[in-house]
Chemist: 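Okay, here's the structure, questions in a sec.
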Amino acid sequence: MIEYRNHRVAILGGGSVGSQVAHLLISQGEELAARAGAGLEVVGIAVRNLDAKRDTDLPADLFTTDAEALILGADIVVELIGGIEPARTYILQALNSGADVITANKAVLATHGPELFEAAEQVGAQLYYEAAVGGAIPIIRPLRDSLAGDRVSRILGIVNGTTNFILDRMDTEGDSLEDALAEATRLGYAEADPTADVEGYDAAQKAAILASLAFHTTVPLGAVYREGMTSVTHEQVVAARKAGYVVKLLAICERVTDADGLEGVAARVHPALVPLGHPLAAVHGANNAVFVEAEAAGSLMFYGAGAGGIQTASAVLGDLVSAARRHVAGGPGVAESTHANLPVLPMSSVTTRYQITLTVLDEPGVLATIATMFSDRGVSVEGVSQSVRDGGDNERPTATLVIITHEASESALAATVEDLSSTSVVSAVVSVLRVEGL
Ligand code: NDP
Ligand code: HSE
């Protein structure tokens with residue numbers, strides 16, 4: 001039997017992910033050692049409350065509340081506590097002591113990433129975070145390593161399982177948002193405070209991480225435009241399918257050029273219409289998918305379980321094996337690449353296509369009036385469909401108009417919608433949705 005040098009692994013957090021990481025490390029220790037070229041010994045699991053009831057057969061003597069002592073005695077620290085503090089402090093302590101750190105914590109990376117990467121670089125350690133975006137899906141390593149020779153132009157991601165589950169249920173089962181969210185919570189997909197899911201905060205954190213990595217530029221969380229999905233109605237979901245789309249909460253990271261010709265990057269999270277033929281439209285339930293457009297590689301899609309204790313543990317273990325291999329090979333960790341340092345541009349510099357649904361008076365000249373409003377704002381209309389003639393005998397007849405635009409800027413579209421809202425021929429602006437992936 002080969003004798004491997006043991007690496008002491010401290011696990012901070014023994015919840016859904018932490019307990020599964022510990023369990024797999026213990027039960028598959030020999031196989032992992034053979035792959036890593038080094039033993040990976042769990043020296044302890046830090047938790048908040050030693051008396052908490054745990055659904056696990058892990059040895060009780062591994063658990064401790066003394067995270068700091070655990071960190072000081074470790075070669076590799078796995079942070080699976082979540083949130084900002086004390087996770088940030090523990091990660092810094094671990095890196096400053098020379099340990100490599102593995103984290104699944106999107107919140108701390110999106111808010112303190114530069115500080116943490118800098119601390120790692122200072123001591124030649126490495127910070128790994130494959131599990132922070134897309135759970136089990138390998139997306140960080142492909143962006144950092146496999147696509148390092150390419151130029152990523154755009155990422156369209158379904159990176160929040162809870163909201164995909166809700167929108168999918170609204171579409172396929174006719175569930176209400178509230179019922180679908182209750183089910184997502186019951187199944188353990190949602191965050192402790194599901195506002196983070198439904199209002200897009202979780203997806204925005206993931207967008208900041210993906211954009212920073214893909215464009216070799218620090219993209220701060222505050223620069224990510226965010227709209228949640230709580231305003232999406234059952235009617236919109238039904239109308240979308242009739243028109244050949246599905247509604248998804250997307251995280252979009254892309255290279256953009258603003259009206260003055262300044263080239264930069266932008267990141268945004270919002271509900272969007274995705275054509276039924278696009279691969280992202282086939283992402284059901286709580287699954288995640290990241291669709292990457294790169295100049296040489298073309299389109300690539302990474303798909304799978306975006307959450308779940310054991311699924312996320314798979315990504316953490318991949319990072320653990322990488323860290324151990326690096327220790328065996330020697331040499332400093334790979335620093336985060338931010339060399340491009342591109343300007344991070346606001347939402348107003350983004351251009352995309354839109355679907356605008358209006359209730360209008362069904363009378364001669366109305367269509368021409370509306371078309372003029374679009375053209376006056378420089379928004380080009382790609383298609384118009386008119387459906388159901390509503391209204392009773394005593395009312396002026398109305399119709400529903402669904403207008404799809406060519407690419408237009410956010411500001412031009414907003415101005416057009418304002419014009420439409422104030423004209424007498426439009427009874428209501430029923431919905432405005434961005435269309436992505438055409
Ligand atoms: P849990 O809430 O299930 O577990 C958190 C663990 O951290 C618990 O064991 C808790 O202790 C411990 N803990 C909390 N505060 C402290 C503290 N101050 N000191 C020591 N230990 C503490 O979280 P998850 O396992 O679900 O998530 C862990 C990380 O993984 C998060 O960053 C999350 O965003 C990320 N992630 C999770 C996914 C999932 O599907 N669950 C998917 C992708 C990423 P105690 O048990 O005593 O309460
Ligand atoms: N609440 C998150 C989701 C968990 O629904 O995707 C994974 O980050």
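Quantities reported herein were computed from a predicted structural model and do not represent experimental measurements. Whatever order the structure lists ligands and atoms in, that order sets their numbers, starting from 1.
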Chemist: Can you list the atoms of ligand 2 that are under 4.0 Å from a heavy atom of K106?
Modeler: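 Numbered from 1, ligand 2 contributes 7 (C), 8 (O).
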Chemist: Show, in sequence, the C-alpha distance, side-chain angles and deciding distance for R255 and E263, and conclude whether the salt bridge (Lys or Arg N to Asp or Glu O under 4.0 Å) test is met.
Modeler: CA-CA 7 Å; R255 293 180 190 272; E263 292 182 9; over 6 Å; no
Chemist: What protein heavy atom sits nearest atom 2 (C) of ligand 2, and how far away is it?
Modeler: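 Heavy-atom neighbour on the protein nearest atom 2 (C) of ligand 2: E191 OE2, 3.1 Å.
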Chemist: In terms of atom number and element, which parts of ligand 1 are under 4.0 angstrom from non-hydrogen atoms of G14?
Modeler: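 So the atoms of ligand 1 that pass are 6 (C), 8 (C), 9 (O).
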Chemist: Counting non-hydrogen protein atoms only, what is the nearest one to atom 27 (O) of ligand 1? Give residue, atom name and distance.
Modeler: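 Protein heavy atom with the smallest distance to atom 27 (O) of ligand 1: V17 CG2, 4.0 Å.
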Chemist: Verify the distance criterion only: is there a donor paired with an acceptor across the side chains of T103 and N105 at less than 3.5 Å?
Modeler: no
Chemist: Name the option, out of A305, P86, A136, that contains the heavy atom nearest to atom 17 (C) of ligand 1.
Modeler: P86
Chemist: Does the side chain of T338 pick up a donor-acceptor pair with the side chain of H216 at under 3.5 Å?
Modeler: no
Chemist: Using the rule given for ring-ring contact (aromatic ring centres under 6.0 Å, His included), can you reason through F291 versus Y303, listing the C-alpha separation, both sets of side-chain angles and the distance that settles it, and then say yes or no?
Modeler: CA-CA 9 Å; F291 189 83; Y303 166 84; over 10 Å; no
Chemist: Among protein heavy atoms, which sits nearest to atom 28 (C) of ligand 1, and what does the distance come to when rounded to 0.1 Å?
Modeler: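 I find the closest protein heavy atom is L80 O, 3.3 Å.
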Chemist: Can you find an N or O of A190 that's nearer than 3.5 Å to an N or O of ligand 2?
Modeler: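 Min N/O separation from ligand 2 is not below 3.5 Å for A190.
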Chemist: Taking 4.0 angstrom as the limit and counting only heavy atoms of G13, give me the atoms of ligand 1 inside it, by number and element.
Modeler: 6 (C), 7 (O), 9 (O), 12 (C)
Chemist: Under a plain distance cut-off of 3.5 Å, with no hydrogens placed, do D100 and Q126 share a side-chain donor-acceptor pair?
Modeler: no
Chemist: Under a 4.0 angstrom heavy-atom cut-off, which atoms of ligand 1 come close to N105?
Modeler: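 Those of ligand 1 that fall under 4.0 Å from N105 are 32 (O).
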Chemist: With respect to atom 45 (P) of ligand 1, which of R54, E68, K206 exhibits the smallest heavy-atom separation?
Modeler: R54
Chemist: Do any heavy atoms of G306 fall under 4.0 Å from ligand 2?
Modeler: yes
Chemist: What protein heavy atom is closest to atom 35 (C) of ligand 1, reported as residue, atom name and distance in Å?
Modeler: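 Here the closest protein heavy atom is A104 O, 3.3 Å.
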Chemist: Among protein heavy atoms, which lies nearest atom 47 (O) of ligand 1, and at what distance?
Modeler: N49 N, 2.8 Å
Chemist: What pair of heavy atoms forms the shortest contact from T218 to P114, and how long is it?
Modeler: CG2-CG, 3.7 Å
Chemist: Which atom names give the shortest non-hydrogen contact between E293 and S299, and what distance separates them?
Modeler: CG-OG, 4.0 Å
Chemist: Could you tell me the residue and atom name of the protein heavy atom closest to atom 15 (N) of ligand 1, and the distance to it rounded to 0.1 Å?
Modeler: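 Residue, atom and distance for the closest contact: I81 CG2, 3.5 Å.
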Chemist: Among E436, E227, E410, exactly one meets salt bridge (Lys or Arg N to Asp or Glu O under 4.0 Å) together with R268. Which residue is that?
Modeler: E436
Chemist: Pairing donors with acceptors under 3.5 angstrom, does anything connect the side chains of D319 and S322?
Modeler: no
Chemist: Identify the protein heavy atom lying closest to atom 42 (C) of ligand 1, giving its residue, its atom name and the separation to 0.1 Å.
Modeler: T312 OG1, 3.2 Å
Chemist: So, T230 versus E199: side-chain donor-acceptor pair below 3.5 Å or not?
Modeler: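 There is such a pair (donor and acceptor under 3.5 Å, judged by atom type) between the side chains of T230 and E199.
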Chemist: Under 4.0 Å, heavy atoms only, figure out whether ligand 2 is touched by the backbone of T162, its side chain, both or neither.
Modeler: both
Chemist: Identify, by atom number and element, the atoms of ligand 1 in contact range of A307, meaning under 4.0 Å from any of its heavy atoms.
Modeler: 40 (O), 42 (C)
Chemist: Going by the atom numbers of ligand 2, which of them fall below 4.0 Å from some non-hydrogen atom of K206?
Modeler: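 Heavy-atom distances to K206 below 4.0 Å select 6 (O), 7 (C), 8 (O).
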Chemist: Please give me the minimum heavy-atom distance between L70 and A46, naming the atom from each residue.
Modeler: CD2-N, 3.6 Å
Chemist: Is any NZ, NE, NH1 or NH2 atom of the basic residue among E191 and K106 found under 4.0 Å from an Asp or Glu carboxylate oxygen of the other?
Modeler: yes
Chemist: Say whether S16 and Q20, considering side chains only, have a donor N or O and an acceptor N or O under 3.5 Å apart.
Modeler: no
Chemist: Between A131 and ligand 1, which residue portion shows a heavy-atom distance shorter than 4.0 Å: side chain, backbone, both, or neither?
Modeler: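 Just the backbone.
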Chemist: Under 4.0 Å from atom 2 (O) of ligand 1, is there any protein heavy atom?
Modeler: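 Protein heavy atoms within 4.0 Å of atom 2 (O) of ligand 1 - there are none.
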Chemist: Counting only non-hydrogen atoms of the protein, does one fall under 4.0 Å from atom 23 (O) of ligand 1?
Modeler: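 There is no protein heavy atom less than 4.0 Å from atom 23 (O) of ligand 1.
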Chemist: Students should be able to answer this: which protein heavy-atom is nearest to atom 34 (O) of ligand 1, and at what distance?
Modeler: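 Among all protein heavy atoms, the one nearest atom 34 (O) of ligand 1 is K106 NZ, 3.3 Å.
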Chemist: Which residue supplies the protein heavy atom nearest to atom 6 (O) of ligand 2, what is that atom called, and how far is it?
Modeler: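 Closest protein heavy atom to atom 6 (O) of ligand 2: G161 N, 2.7 Å.
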Chemist: Should D197 be counted as touching ligand 2, given the test is an N or O pair under 3.5 Å?
Modeler: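 Yes; the residue has a nitrogen or oxygen that sits under 3.5 Å from a nitrogen or oxygen of the ligand.
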Chemist: Distance under 4.0 Å to a non-hydrogen atom of G308: what atoms of ligand 1 satisfy this?
Modeler: 39 (C), 40 (O)
Chemist: Any idea which protein heavy atom is nearest atom 32 (O) of ligand 1, and the distance to it?
Modeler: G82 CA, 3.2 Å
Chemist: Any donor-acceptor pair under 3.5 Å linking the side-chain atoms of N160 with those of K206?
Modeler: no
Chemist: Can you name the one residue among L24, L25, I102 that meets side-chain contact (heavy atoms from CB on, under 4.5 Å) with V316?
Modeler: I102
